[in-house]
**Student:** 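Structure incoming, see below.
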Amino acid sequence: MTLKGCERVGSSVSATCGVEGSASRGRSVEGLSESIIEKVKRHPCYSEEAHHFFARMHVAVAPACNIQCKYCNRKYDCMNESRPGVTSELLTPEEATQKVLAVGSVIRNTTVVGIAGPGDPLANPRQTFRTFELIRQAAPDMKLCLSTNGLALPDHVDTIRELGIDHVTITINAVDPEVGQHIYRYVTWQGKLLTGIEAARLLLERQMEGMRELVKAGILIKVNSVLIPGLNDVHMADISAEVRKRGAFLHNIMPLIIADGSDFQKEGRRAALPEDVAAAQERSGAGDRLMRHCRQCRADAVGLLGEDLSGEFTKEKFRQMSAQYDPEQRKKLHMELDRRIERMSAARRAAAANLRISRTDEFLPFRVAVSTSGGNKVNLHFGHTKEFQIYEVSPTGLKFLTARKVGNYCSGIETCGEGEGRIDEIARMIADCRYVLCTRIGPGPKSALEEMGIQVVTGYGPVEQELFRLADLHAQDQVGIEA
Ligand SMILES: C[S@@+](CC[C@H](N)C(=O)[O-])C[C@H]1O[C@@H](n2cnc3c(N)ncnc32)[C@H](O)[C@@H]1O
Ligand code: SF4
Ligand code: SF4
């Protein structure tokens, strides 16, 4: 088994995950109550800082759905495709528990088990809650998380609370049924099939009722909204304001992916581009309550956000593993990672203050696309990069903006694998960046990027350290002649 990254059994945390000297601003836990800090500090989706170190896994136990979103197609399965709704195999609750023990023994920094489909967890309540029940018994240190469209939510809040599921994500794409009616083909409700504005209105009512009950129960809510150009893009600020007003802790604006065979593909809609997401995030007014690092994971995702180890834990493989799930060992590692995050945050604050003092106004903000496989390091060859982490360097410090996947979506077997090396696609995804920071790059892609006004800087090591080195080269106009 080839397991890369920083927190695997047998690998040294300090040798591979250095963050000392880092200086960036992430969504910080400052200003939150102790109980919320406890809930979010090791949850990679709720804390930008945690996501460099702590992993999550999804168990695909929920195939059915009670609505049909026009962007969703769960029929298509490809190991190379990484988008929501995709899974290679369904699990029973017992198999899911066995998989959690296998993953939690090997990837000990896995702290969260989520159910996010491939359909809707609450349209499959028996499988979903049985799975959580078994995991709660077998691996009590795992945080439990689920992701739902919200239609059935009000019926299950008590069970969610009783099982200790502290995190619920609701997908809300409209807070106005006039908009929602164009997003959902149908909603099934009490044996009836509703369409149009009636379907959108019912879904919205149930989502709002579910939110109200979750807030009362003290459960943290994240709202996902799929950004659909020409449909709900101008509506996104209203969604954001409304869900935050009603108690959502985070708002995650996710770009529409055109899934093969989906209604939106047939309608000829286009995917949301990075600039669409950036504009919607800007207009949302959500500030620190925006989730910027979502990777739109598969329903069977495993590993750090952005790395996909699902193929290493197929049914065939995890059934043969003899899991050594050791909560004490795991706890030791988690506490070590907590300390690393604390040191990283302190270093980020200190370095941001330094930048403020040492830079002048001519030091304009610029963006950098960083090649990384996770662990907060520049550690990838440009050609092997499946996602770039986008940072902004400005006189006030370093800011993680978002992560952008490249060459990772496919629309059929015939195009499978062609994603690699598609320089035009990559350049389009990072067109707003002035620099690419990677370990190495071939001469062809380098000059293609340069022709498009994107300069390449090579380096290796902690992201913040390398960004500061780049900031110095930039300030001295030395990029291109660095060693
Ligand atoms: C597959 S769903 C599973 C959970 C649940 N059924 C729901 O919709 O919230 C997980 C997330 O992926 C999103 N999603 C599904 N297909 C998508 C697509 N083609 N583009 C962008 N987001 C998508 C959903 O809206 C949801 O937020
Ligand atoms: S609710 Fe989730 S699973 Fe159901 S159709 Fe929509 S995105 Fe797909
Ligand atoms: S889809 Fe987004 S929120 Fe869900 S596990 Fe992946 S990164 Fe976290």
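As the structure lists them, so they are numbered: ligands from 1, and atoms in each ligand from 1.
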**Student:** Under 4.0 angstrom from ligand 3, any heavy atom of His51?
**Tutor:**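 Outside the 4.0 Å threshold, so no.
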
**Student:** So which of Ile183, Ile172, Ile257, Asn73 gets nearest to atom 18 (C) of ligand 1, if we judge by its closest heavy atom?
**Tutor:**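 Answer by nearest heavy atom: Ile257.
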
**Student:** Which heavy atom in Pro177 sits nearest to a heavy atom in Ala200, and how many Å separate them?
**Tutor:**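 Closest approach of Pro177 to Ala200, heavy atoms only: O-CB, 3.7 Å.
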
**Student:** Please determine which of Thr171, Ile172, Ile170 meets the side chain to side chain contact (heavy atoms under 4.5 Å, CB included) test together with Asn224.
**Tutor:**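 Single pass found, and it is Thr171.
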
**Student:** Looking only at non-hydrogen atoms, which of Asn252, Ile258, Thr171 approaches atom 9 (O) of ligand 1 most closely?
**Tutor:**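 Comparing heavy atoms across Asn252, Ile258, Thr171, the nearest one to atom 9 (O) of ligand 1 lies in Thr171.
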
**Student:** For Glu34, I'd like to know if atom CD has over 12 heavy atoms of other residues, nucleotides or ligands within 6.0 Å.
**Tutor:**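 For Glu34, atom CD is not crowded (no more than 12 foreign heavy atoms under 6.0 Å).
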
**Student:** With 2.8 Å as the threshold, which protein atoms of type N, O or S lie near atom 8 (Fe) of ligand 2? Leave waters out.
**Tutor:**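 Hits for atom 8 (Fe) of ligand 2 below 2.8 Å: Cys72 SG.
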
**Student:** So, Thr385 and Ser371: side-chain donor and acceptor under 3.5 Å apart, yes or no?
**Tutor:**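 The answer is yes; a qualifying pair exists.
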
**Student:** Charged N to carboxylate O under 4.0 angstrom, Lys315 versus Glu89?
**Tutor:**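 The answer is no: the pair does not qualify as a salt bridge.
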
**Student:** Could you tell me which atoms of ligand 1, counted from 1 in the order shown, lie closer than 4.0 angstrom to a heavy atom of Val226?
**Tutor:**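 Matching atoms, with element in brackets: 21 (C), 22 (N), 25 (O).
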
**Student:** Please work out whether any backbone atom (N, CA, C, O) or any side-chain heavy atom from C-beta onward of Met254 is under 4.0 Å from ligand 3, and answer side chain, backbone, both or neither.
**Tutor:**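 Met254 to ligand 3: no contact under 4.0 Å from either part.
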
**Student:** Would you mind running through ligand 1 and noting each atom that sits below 4.0 Å from a heavy atom of Met254?
**Tutor:**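 In order of numbering, the contacting atoms are 27 (O).
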
